[in-house]
2 protein chains.
Amino acid sequence: MEPESDQDVCGQWSETLRVYHDTSCELENELQSLHRLGLSEFEVLQILSGQCRSNDGKVKMKDLEAEMYLSQSALSRTVTRLEKAGLVTRAACDFDRRANFLALTDAGRERWEAARPTHNAVLRKHLA
Amino acid sequence: MEPESDQDVCGQWSETLRVYHDTSCELENELQSLHRLGLSEFEVLQILSGQCRSNDGKVKMKDLEAEMYLSQSALSRTVTRLEKAGLVTRAACDFDRRANFLALTDAGRERWEAARPTHNAVLRKHLA
DNA sequence: TGACATCCAATGCACGTACATGTAACTTGA
DNA sequence: TCAAGTTACATGTACGTGCATTGGATGTCA
């Protein structure tokens, strides 16, 4: 907890920028070219897959939003793209008809499982 | 150099995402509201100021591009915005008329010096 | 010199994101 | 019970970015 100079934090920020840009750029390219998925699309599939915290296969938009660095509107459109691609389904919630339950389709789970090794490989390459 | 599990790299990546998004989001907001500067605009001013590596006050677009995580086209437009705002000047290079020399105007240096404390404060807050 | 490749920067275009707003559904309190 | 406030999600709009292409300048080599 010693005080840090401006140079220190500046250098730390540069390093963060480097890692972030290099990694997310390659993630974007690899996921897009190998699996036709944008990075935030992959991240939605990842969460819906139950990989992070267990779920019964259904996740509300609000919960999804809380786990992602994406605005509500961007998330809405991302899910729309995934829905049009047949990878997720929107289902109305019986108890609160404002809310949507999202779930992976079979195709969605297959696509995610196919893309996961690619995602992990890039992370290993840049962070290991 | 021990092998890292998928969980390890995944957690590391989550942490990087958190730091990156929290920090750059607040940088963007603070610089915009207090100094009418976007983050990449500030970064251009920062480099032109000679803060990083010394320069004679003139920097070529290509050199700028090499120091930023921004495409050539995005950089070209960013500089156009700064030029329209009267913060930088484009000057043709005598020796290579393909190249542009960029330089801060007085207003550009003033804006950068005003914004620098804001930038540093946000970095300290998130990285210290 | 001339023909062709390479390089620098600008621009048309498509796309993803954030902000502001709209719409419908739920909640609260008198 | 109903009006006002709140919440969930979608959508209009503006904007910054990347990719592909263009135009002009420089380099290369025969």
Side-chain angles (χ1 to χ4, degrees), chain A residues 17 20-33 36-45 48 58-85 88-103, chain B residues 17 20-33 36-45 48 58-85 88-103:
Chain A
L17 283 178
Y20 172 78
H21 277 106
D22 289 354
T23 307
S24 63
C25 184
E26 187 165 341
L27 278 175
E28 196 79 56
N29 291 337
E30 294 286 286
L31 289 174
Q32 190 57 253
S33 61
R36 287 171 305 160
L37 285 174
L39 179 49
S40 38
E41 289 163 11
F42 175 86
E43 288 169 349
V44 168
L45 296 187
L48 291 184
K58 298 181 175 187
V59 177
K60 281 187 290 187
M61 289 287 284
K62 273 295 159 189
D63 299 335
L64 202 51
E65 187 184 342
E67 301 194 37
M68 295 192 62
Y69 297 99
L70 211 51
S71 69
Q72 181 268 322
S73 65
L75 180 58
S76 174
R77 292 184 223 259
T78 301
V79 170
T80 298
R81 289 195 299 275
L82 290 170
E83 192 182 24
K84 281 182 182 167
V88 310
T89 55
R90 278 178 160 110
C93 167
D94 292 339
F95 297 80
D96 184 346
R97 270 174 306 188
R98 293 170 304 181
N100 275 340
F101 273 129
L102 305 177
Chain B
L17 283 178
Y20 172 77
H21 278 107
D22 289 355
T23 308
S24 63
C25 184
E26 186 164 343
L27 279 174
E28 196 80 53
N29 291 337
E30 294 287 286
L31 290 173
Q32 190 58 252
S33 61
R36 287 173 305 160
L37 285 174
L39 180 49
S40 40
E41 288 163 14
F42 175 86
E43 287 169 349
V44 168
L45 297 187
L48 291 183
K58 300 183 175 186
V59 177
K60 281 186 290 186
M61 289 287 284
K62 273 295 160 190
D63 299 335
L64 202 51
E65 188 184 340
E67 301 195 36
M68 295 193 60
Y69 297 99
L70 212 51
S71 68
Q72 180 267 322
S73 65
L75 180 59
S76 174
R77 293 184 224 258
T78 300
V79 169
T80 298
R81 289 194 299 274
L82 289 170
E83 191 182 26
K84 281 181 181 167
V88 309
T89 56
R90 278 179 161 109
C93 167
D94 292 339
F95 298 80
D96 184 346
R97 271 175 302 189
R98 294 169 301 183
N100 274 343
F101 273 129
L102 304 178

(request) Using a 4.0 Å heavy-atom cut-off, write out nucleotides 22-29 of chain C from 5' to 3' as B (base contacted by protein), S (sugar-phosphate only) or - (no contact). (result) ---BS---
(request) Sugar-phosphate atoms are those with a prime plus P, OP1 and OP2; base atoms are the rest. Using that split, label each nucleotide of nucleotides 10-16 of chain C B, S or - for protein heavy atoms under 4.0 Å, 5' to 3'. (result) BBBB--S
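Note that the CE atom of A:M61 and the CZ atom of A:R98 stand 14.0 Å from one another [nearest 0.5 Å]. Rounded to the nearest 0.5 Å, atoms NE2 (A:H21) and CE (B:M68) are 9.0 Å apart. Expressed to the nearest 0.5 Å, how far NZ of A:K62 lies from CG of A:L64 amounts to 11.0 Å. Rounding to the nearest 0.5 Å gives a distance of 7.5 Å between CG of B:L17 and CG of A:L39. Note that CZ of A:R77 and CD of A:E83 are 14.5 Å apart. Values are rounded to the nearest 0.5 Å.
Atoms OH (B:Y69) and P (D:dG18) sit 13 Å apart, rounded to a whole Å. Taking atom CG of residue A:L82 and atom P of nucleotide D:dA10, one finds them 12 Å apart after rounding to whole Å. In this entry the distance linking NZ of B:K60 with C1' of D:dT26 reads 12 Å, nearest Å. Note: CG (B:L39) to P (D:dC15) measures 18 Å, nearest angstrom. Note: NZ (A:K84) to C1' (D:dT11) measures 12 Å, nearest angstrom. Between the C1' atom of D:dC9 and the CG atom of A:L64 lies a distance of 13 Å, rounded to the nearest Å.
Counting non-hydrogen atoms of neighbouring residues, nucleotides and ligands closer than 6.0 angstrom, the CZ atom of B:R90 exceeds 12 such neighbours.
Side-chain atoms of B:R81 and B:T78 form a donor-acceptor pair, as typed in the model, at a separation below 3.5 Å.
The ring-ring contact (aromatic ring centres under 6.0 Å, His included) search around B:F101 returns none, not counting sequence neighbours.
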